[in-house]
Amino acid sequence: MADGGRMKGVQGAGGGAGDEGEGNEEAREELELALSLGRRGWHLPPRQEPAPRSLNWTAVLPEWNPDAAGSSQVAERALGGQSISSLAFHDMLGEDEDRDLQNKRLRVRRFGEESPLHSGASATPFGSESSFLPISEECVHLKLSRFPEHELEFGLSLFPNDGSESPRDANNEKVDDAENSGGRNSEDVGIRMDLSDDLLHLIFSFLGQKDLCRAGVTCKQWRSASVHDDFWKCLKFENTRISLQNFVNICRRYPSVTELNLHGVINAETLVLEAIMFLRHLKTLTMGKGQLGEAFFLALAECPLLTALTVTDASLGSGIQEVTVNHDGLRELHILKCRALRISVRCSQLQILSLRRTGMAHVSLNCPQLLELDFQSCHKLSDNAIRQAATACPLLAKLDMSSCSCVTDETLRDIASSCPSLSVLDASNCPNISFESVRLPMLIDLRLLSCEGITSASMAAIAYSRLLEALQLDNCSLLTSVSLDLPHLKNISLVHLRKFADLNLRSPVLSYIKVSRCSALHRVSITSTTLQKLVLQKQESLSNLSLQCHNLIDVDLSDCESLTNAICEVFSDGGGCPMLRSLILDNCESLSIVELNSSSLACLSLAGCRSMTFLRLSCPNLQHVNLDGCDHLQSAAFCPVGLESLNLGICPKLSVLRIEAPNMSILELKGCGVLSEASINCPRLTSLDASFCRQLVDDSLTRMAEACPLIEHLILSSCLSIGIDGLSSLHCLHKLTLLDLSYTFLINLKPVFDSCPQLRVLKLSACKYLSDSSLDALYREGALPLLVELDLSYSSIGQNAIEDLLACCTNLVNVNLNGCTNFQELVCGSDDSSSVDMPVDFCPPSSSPIKSEEISERSGRLLEVLSCTGCPNIKKVVIPSIANFLHLSKISLNLSTNLKEVDLTCSNLFMLNLSNCSSLEVLKLDCPRLTNLQLLACTMLQEEELESAISRCSALEILNVHSCPKINALDFGRLRLVCPSLKRIQSSLIS
């Protein structure tokens, strides 16, 4: 074997250290790359790191038959002791290449399966130098139990390591793979991945060099595809250790390389000098982190096609000599963060030169075609050196000398005179320039950030640059005003100007303005036909704003505390912003009267304007308004607006309201406690919530009902001033289905019964002045035939009225009797139930009173939910089957402390709540569908009574007997025997 031809390869920096930090992706690559002709492939020494215990499997490439082929000794014996010469490159890719493409493919063994030819001591760990074998002939073991997957060491042999050819027989004929396989069965070569060369080439074009190396060890076809010249025109060896001989061989193998990156490579200069003769097609070269002498720059002449050179963080020259870069074809030169005494650049075709952050005392330029020059942060360069270098480039169009603190106005004047085409200038952080006498007529982009010498007098010189498009004046602490009339100005930035007070801009193409942290700014005047968005947030002193911006769409003036009421004229029709759609005036606390008349405004935010007392909006296209925190608003008019919904409940001092909104459907006035005059004209309004509008009178309600005939939900809870006249006007609301009159002083409900026959939900909670006769029309005259929900919570309704309601109003689905103190018992279907006089069409021919038992027998009831929570005087609840509550599914009797007896026979009851019924002693249930029974704190309930009750509840799943001292936790087994369906028992006695 050709051991003498082996090359060390490219080893990753820090190899073999074993630290966890070396696994970081930013560490040096530990890849050994060798593409030398007919020599050993790329090889990586294994790390000495423990492997994860959970991985223990072996991936085996086509097995190697030592008796057939694979070593020069075997082939030598096959030829009678005749030695075999090394395989030349044209032989590697010659007529036998097609046969190589048919080589056996990868086979992956089962977990824990060992190769029969590589078990025990004969198996050599992959990655050691002595075990590197040709991929087509010898088996490669990748044991992940030793090498973790994320740190997998791998090697590539893109060509045979000893130059041997395929094995031949006695007649010097090539032996077929099938004959040399040693009778290998079909299972060993079962996995085949035959891809066309074109498809494989396309796939490999997306891979980097490392992935190409990994792919190259798979099979001959992939090996051949991975070394194609198309994939190796760009050699990136950044932060990689590579041997001199191997680098030379790679450059020899790929003479068409166009891009080379040796940044961070040790002895990079030596590598380039040795291989420069093979890099005649090189166009881009990147170097860095090391020493580059004069010889390196002289050798660049050997690369006639070189157009771009980048050197970063390197020491140039010997430290006492001038470093000269002389190349006739170079177009771009970047020398960044380097160290040198003097630099001389003589490149006749150079167009871009960057010396950013390079420490040098002098620079000499002979670059007649130079267009871009960058001296940023070159602190050692003197003012004179910068002047001589820049003025030597008559075609200069872009100059960056930011953070060069020694630059003066004299240098700028000389540059302006010698470089008439200068269009981009960055002189930021140059404290010695004032720009007052500088004339740059071709300037397009000017950056003067943190220039302490820039004042308002500098604006005259800037205004001389009529082609200026972008201007940055951030952190110019002495600047007090800016007044510019530039026809091409598009962008301007004014940030953190402590003394800046006046801004006047005129430019038809102005599209971006950034003004921030200018605490003294009090006047702004802008004229532009292109500007669409203006943000002037937190300008505390801004009081005068003038805009002539015909395409302005969005304006944000949040926290501009000094804005006056005159600002409304700017944003109204005729004020200079005819296309305005969004206006934000949040926390403008000086605004007291806001009047806006805009045909384009769609979104308005006045949140936090606590001083505003009067609001008038005439914005027919207004879709959204935010009045959060406007708690001093007294009068509001929205005439007309395009709002679909409006919430004014956050304005507690609102007393006068006028609304004309043809599209509004939801209006909330909840909390407008002093609202006394309201004119609402919203023909599409469907929901009105006027809760707690205590001073809303009948006249306002009448006008509202006439102007809004489509109202379906009307909430007048706590509207104490509404009387009979107001309720009578509800006859105009033909679609009214929900009416809430809770917490009112109503005595007579006849106007409601007469005006709202279509009502489905009636809420009379806490109406303390209602009497039993107030509801007579419901159960005697058949009023509100569509009523399905009735809320009488905390009312003064008596026992008889409640019994009559439940007996006669069979259409009720939800009845709420919470906290009714006059409710004493509920006994449905009993003989002693009070009789009720029914209307003529509800009575039998005899016209005699009908008892509830007779009614229940005649027709089923629709009641589903009965809530009697907190009824302190109720003692007995009996609902027998004869009561015919076929749909009753939920009963709540909790907090009824005097309730003693509950007897229910309800076929459809699902949930029963008797929690905190501390007097409950008798419980009888016949509810086959009951699933949830709550008996929390039923202190008097006996265990036997409970067992008897649940024995007839075959579907019961949840039982809560928490804080029931008379129910023993040891007997819960008996409860489950009585009711096998029980799944959960809640008790304080269960540990």
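By convention here, the first residue in the shown sequence is residue 1.
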Determine the interplanar angle of the Phe237 and Phe247 rings, folded into 0 to 90°, and report it as parallel if under 30°, tilted if 30 to 60°, perpendicular if over 60°.
perpendicular

Minimal non-hydrogen separation, Phe571 against Leu545, with atom names
CZ-CD2, 4.0 Å

On a heavy-atom basis, which atom in Ala389 and which in Phe375 lie closest, and how many Å separate them?
CB-CZ, 3.7 Å

Between [X] and [Y], is there a donor-acceptor pair closer than 3.5 Å when you use the side chain of the first and the backbone of the second?
{"X": "Ser458", "Y": "Ser434", "value": "yes"}
{"X": "Thr258", "Y": "Lys283", "value": "no"}
{"X": "Gln291", "Y": "Gly317", "value": "yes"}
{"X": "Asp474", "Y": "Leu449", "value": "no"}

Could you check whether [X] pairs with [Y] (Lys NZ or Arg NE/NH1/NH2 to Asp/Glu carboxylate O, under 4.0 Å)?
{"X": "Asp383", "Y": "Arg387", "result": "yes"}
{"X": "Arg523", "Y": "Asp502", "result": "yes"}
{"X": "Lys289", "Y": "Asp313", "result": "no"}

Is it the case that the side chains of [Y] and [X] hold a donor-acceptor pair, with the cut-off being a distance below 3.5 Å and no angle test?
{"X": "Ser315", "Y": "Arg339", "value": "yes"}
{"X": "Arg331", "Y": "Gln351", "value": "no"}
{"X": "Asp414", "Y": "Thr391", "value": "no"}
{"X": "Thr324", "Y": "Asn326", "value": "no"}
{"X": "Ser605", "Y": "Asp586", "value": "yes"}
{"X": "Arg342", "Y": "Ser364", "value": "no"}
{"X": "Asn432", "Y": "Thr408", "value": "no"}
{"X": "Ser402", "Y": "Asp400", "value": "yes"}
{"X": "Ser481", "Y": "Ser456", "value": "yes"}

So, taking the atom named [atom1] in [X] and the one named [atom2] in [Y], what distance separates them when rounded to the nearest 0.5 Å?
{"X": "Ser582", "Y": "Asp556", "atom1": "OG", "atom2": "CG", "value": "8.0 Å"}
{"X": "Leu440", "Y": "Ser417", "atom1": "CG", "atom2": "OG", "value": "10.5 Å"}
{"X": "Ser483", "Y": "Leu505", "atom1": "OG", "atom2": "CG", "value": "8.0 Å"}

